[in-house]
Amino acid sequence: MADPTPQDPIHASRVSDRPTIPYIEGDGIGQDIWPAAKLVFDAAVKAAFGSKKKVAWLEVAAGEKGFARTGEWLPDETLNAIKTHGVAIKGPLTTPVGKGMRSLNVRIRQQLDLYACIRPIRYYPPVPSPVSHPERVDMVVFRENTEDLYAGIEWDSGSWEVTKLLGLLKSELNCDLPASCSIGIKPMSPEKTKRLVIRAFEYAFENNRKSVTLMHKGNIMKFTEGGFRKWGYEAAFETFGDRVITEETLFETHEGILPDGLVVIKDRIADMVFAEVLLRPENFDIIACPNLNGDYISDALAAQVGGLGIAPGANIGDSCAVFEATHGTAPDIAGKDLANPCSLILSGAMMFDHMGWQRAGNLIRDGVAKALAQGRVTRDLASRIKGGEEVTCSRFSRIIAEQILSGQ
């Protein structure tokens with residue numbers, strides 16, 4: 001079983017037995033997967049704690065619902081509710097490509113300073129996979145959420161901002177670029193890199209993980225991606241001291257055998273990581289990376305174990321956290337009770353871990369694993385599983401809930 005999300009002591013210590021948790025239903029298939037997920041969440045809390053604990057769910061608006069109700073895609077009251085309650089869960093939200101509003105997911109992460117995107121990736125048999133040994137994939141991606149190209153600092157071709165910036169670059173910095181280009185800025189800082197890497201190492205120590213690999217493109221981008229690598233090493237040794245060991249020392253001093261209580265820090269060029277996670281995924285435990293690299297690698301790893309439909313995700317900061325389905329809105333099947341709810345359900349398991357309710361989180365993961373093993377699954381999986389039986393989204397969630405309640 002994959003490790004749970006590490007607890008944030010601030011939250012775990014203040015969660016009441018009757019917490020109110022805001023939720024964003026989400027656009028498109030959000031209307032299908034949220035009720036399915038809620039059914040599973042309530043079953044898990046009941047099975048884990050009986051009548052001692054219960055969640056009060058509070059709907060808050062964002063995306064299409066937010067715009068319809070308030071004229072805002074991300075209303076201030078929604079952000080304030082998340083801040084107040086400290087934890088929230090959300091379905092997928094619409095993001096236009098190449099025009100219109102910027103990603104609401106990115107706005108939520110940046111405005112709440114949810115700097116760590118945590119994506120555990122594990123295989124659930126018999127989910128079909130394009131690789132020969134998906135069971136070897138058991139890793140956790142820690143993606144920096146607030147910097148890099150996702151900072152959204154960019155200007156369109158021909159805009160006055162670009163014209164002004166091109167003049168400055170040419171006259172002051174000897175950079176002669178095509179007048180027709182668009183320009184984006186890639187900010188990366190030591191302080192934001194370090195807090196991400198520290199959280200990755202805290203997770204490693206708390207969950208008996210053996211290595212943290214810094215994924216970067218520092219061979220080309222010396223001062224941004226290269227900075228991520230440098231600052232990552234600094235953060236590890238400044239914070240954890242002799243509890244961290246480099247690969248070189250591991251092989252020179254310990255013949256490659258990691259002593260108990262230590263975590264090895266490694267770094268790999270981004271393109272090498274993509275090759276290695278296919279050929280030798282067992283060499284990776286935790287991957288810490290800048291924003292764009294993290295977006296790419298987490299989705300690629302999800303594909304190795306069957307797709308985004310079973311990939312959970314968390315966005316965690318120092319004061320609050322938002323757990324989310326990692327896939328899109330799939331408007332073509334919205335409202336048809338066909339969608340796979342596993343991503344949102346497994347994100348809820350991470351949420352309960354974060355709250356200190358690990359028993360509920362473990363029951364959810366076990367329930368999903370047992371339901372998938374039966375082969376009674378949603379359309380996206382049934383057609384690819386030998387002997388699979390297609391069921392609706394709502395029926396699949398009931399199967400998971402039945403597994404949870406029967407196994408308590």
Side-chain angles (χ1 to χ4, degrees), residues 3 6 115-121 136-150 186-259 261-301 304:
D3 303 320
Y115 59 85
C117 179
I118 304 173
R119 296 273 298 271
I121 299 98
R136 295 178 183 173
V137 178
D138 182 11
M139 60 188 83
V140 186
V141 174
F142 276 71
R143 167 192 175 192
E144 204 290 318
N145 249 348
T146 65
E147 294 194 301
D148 201 357
L149 297 175
Y150 287 71
K186 179 185 174 76
M188 295 175 72
S189 66
E191 56 270 24
K192 292 188 176 182
T193 295
K194 288 183 177 183
R195 66 180 182 176
L196 182 278
V197 173
I198 288 169
R199 188 173 278 271
F201 272 94
E202 288 172 343
Y203 183 99
F205 286 118
E206 292 168 6
N207 294 284
N208 197 33
R209 293 283 183 158
K210 303 302 182 184
S211 70
V212 175
T213 301
L214 306 176
M215 176 186 179
H216 62 90
K217 194 63 179 171
N219 58 326
I220 303 299
M221 289 168 276
K222 308 290 187 182
F223 306 115
T224 50
E225 302 265 339
F228 182 90
R229 175 189 181 276
K230 179 180 73 171
W231 301 323
Y233 274 96
E234 290 174 355
F237 287 103
E238 289 169 356
T239 307
F240 303 102
D242 58 8
R243 299 174 66 194
V244 177
I245 188 172
T246 65
E247 266 188 303
E248 292 78 7
T249 302
L250 178 65
F251 284 93
E252 290 174 0
T253 306
H254 302 283
E255 298 181 344
I257 300 173
L258 186 66
L262 299 187
V263 172
V264 61
I265 184 170
K266 306 185 282 187
D267 73 273
R268 296 290 185 272
I269 302 299
D271 38 324
M272 180 187 296
V273 173
F274 278 97
E276 289 295 304
V277 296
L278 285 169
L279 298 172
R280 287 174 284 275
E282 62 276 7
N283 290 346
F284 295 89
D285 213 343
I286 294 174
I287 297 175
C289 46
N291 211 329
L292 185 60
N293 290 342
D295 198 356
Y296 292 156
I297 193 64
S298 56
D299 281 16
L301 288 170
Q304 287 183 226

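For reference, positions follow the sequence shown, starting with 1. Computed from heavy atoms alone, side chains included, the values below leave out hydrogens, waters and symmetry copies. Please read all numbers here as calculations on a predicted model, not as lab measurements.
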Taking all atoms of both residues into account, what is the closest heavy-atom pair of Pro281 and Val137, and its distance?
-> CB-CG2, 3.9 Å

For Ser189, does its backbone N or O pair with a side-chain atom of Glu147 as donor and acceptor, under 3.5 Å?
-> yes

Backbone N or O of Leu292 within a donor-acceptor pair of the Glu144 side chain at under 3.5 Å?
-> no

Is there a side-chain contact between Ile287 and Met139, using heavy atoms and a 4.5 Å cut-off?
-> yes

May I ask you to test the Glu247-Val264 pair for a side-chain heavy-atom distance under 4.5 Å?
-> yes

When the ring planes of Phe237 and Tyr233 are compared, do they come out parallel, tilted or perpendicular, using 30° and 60° as the limits?
-> parallel

Value rounded to 0.5 Å, distance of CD1 in Ile245 from OG in Ser211 | 12.5 Å

Between Pro290 and Met215 the two heavy atoms that sit nearest each other are CD-O, 3.1 Å

How many angstroms lie between atom CG of Leu214 and atom SG of Cys289, to the nearest 0.5 angstrom?
-> 9.5 Å

Could you grab the distance from atom CZ of Phe240 to atom CZ of Phe205, nearest 0.5 Å is fine?
-> 6.0 Å

Which value, rounded to the nearest 0.5 Å, describes the distance between Glu282 atom CD and Glu276 atom CD?
-> 9.5 Å

Taking atom CZ of Phe274 as the centre, does the number of heavy atoms from other residues, nucleotides or ligands within less than 6.0 Å exceed 12?
-> yes

OG1 of Thr213 to CD1 of Ile286, rounded to nearest 0.5 Å, is 9.0 Å

Thr249 (side chain) donor-acceptor with Thr246 (main chain) under 3.5 angstrom = no

Taking distance alone, no hydrogens or angles, what donor-acceptor pairs closer than 3.5 Å link side-chain atoms of residues 219-226 to residues at least two apart or in another chain?
from   : atom 1 : to     : atom 2 : distance (Å)
Lys222 : NZ     : Asn219 : O      : 2.8
Glu225 : OE1    : Lys217 : N      : 2.9
Glu225 : OE1    : Asn293 : ND2    : 3.0
Glu225 : OE2    : Lys186 : NZ     : 2.9

Are there more than 12 heavy atoms of other residues, nucleotides or ligands under 6.0 Å from atom CD of Glu255?
-> no

Does Lys266 pair with Asp285 as a salt bridge, N-O distance under 4.0 Å?
-> no

Where Val273 and Arg268 come nearest, the two heavy atoms and their spacing = CG2-CB, 3.5 Å

Under 3.5 Å, is there a donor-acceptor pair between the side chain of Lys210 and the main chain of Leu262?
-> no

Show your reasoning for whether side chain to side chain contact (heavy atoms under 4.5 Å, CB included) applies to Glu234 and Val197.
-> CA-CA 10 Å; Glu234 290 174 355; Val197 173; over 6 Å; no

Could you tell me how the ring of Phe142 sits relative to the ring of Tyr203: parallel (under 30°), tilted (30 to 60°) or perpendicular (over 60°)?
-> perpendicular

Apply the test side-chain hydrogen bond (donor to acceptor under 3.5 Å, both in side chains) to residues Asp295 and Tyr150: give CA-CA distance (whole Å), side-chain angles for both, the deciding distance (0.1 Å), then the verdict.
-> CA-CA 10 Å; Asp295 198 356; Tyr150 287 71; 2.2 Å; yes

Check whether any side-chain N or O of Asp267 sits under 3.5 Å from a backbone N or O of Arg229 as a donor-acceptor pair, and report yes or no.
-> no

Is a side-chain donor or acceptor of Arg143 paired with a backbone partner of Asn291 at a separation under 3.5 angstrom?
-> yes

Report the distance from atom NZ of Lys194 to atom CH2 of Trp231, rounding to the nearest 0.5 Å.
-> 9.0 Å

Do Leu250 and Pro259 come within less than 4.5 Å of each other through their side chains, counting heavy atoms only?
-> yes

Decide side chain to side chain contact (heavy atoms under 4.5 Å, CB included) for Ile198 and Glu202; before the verdict, give the C-alpha distance in whole Å, the side-chain angles of both, and the deciding distance to 0.1 Å.
-> CA-CA 6 Å; Ile198 288 169; Glu202 288 172 343; 3.7 Å; yes

Examine distances only and state if a side-chain atom of His254 and a backbone atom of Gly256 form a donor-acceptor pair shorter than 3.5 Å.
-> no

Test side chain to side chain contact (heavy atoms under 4.5 Å, CB included) on Thr146 and Arg195 and set out the steps.
-> CA-CA 12 Å; Thr146 65; Arg195 66 180 182 176; 3.7 Å; yes

Qualifying residue for side chain to side chain contact (heavy atoms under 4.5 Å, CB included) with Pro120, from Asn207, Asp138, Val141, Val140 | Val140

Could you walk me through whether Ile297 and Val277 pass the side chain to side chain contact (heavy atoms under 4.5 Å, CB included) test, one step at a time?
-> CA-CA 9 Å; Ile297 193 64; Val277 296; 4.2 Å; yes

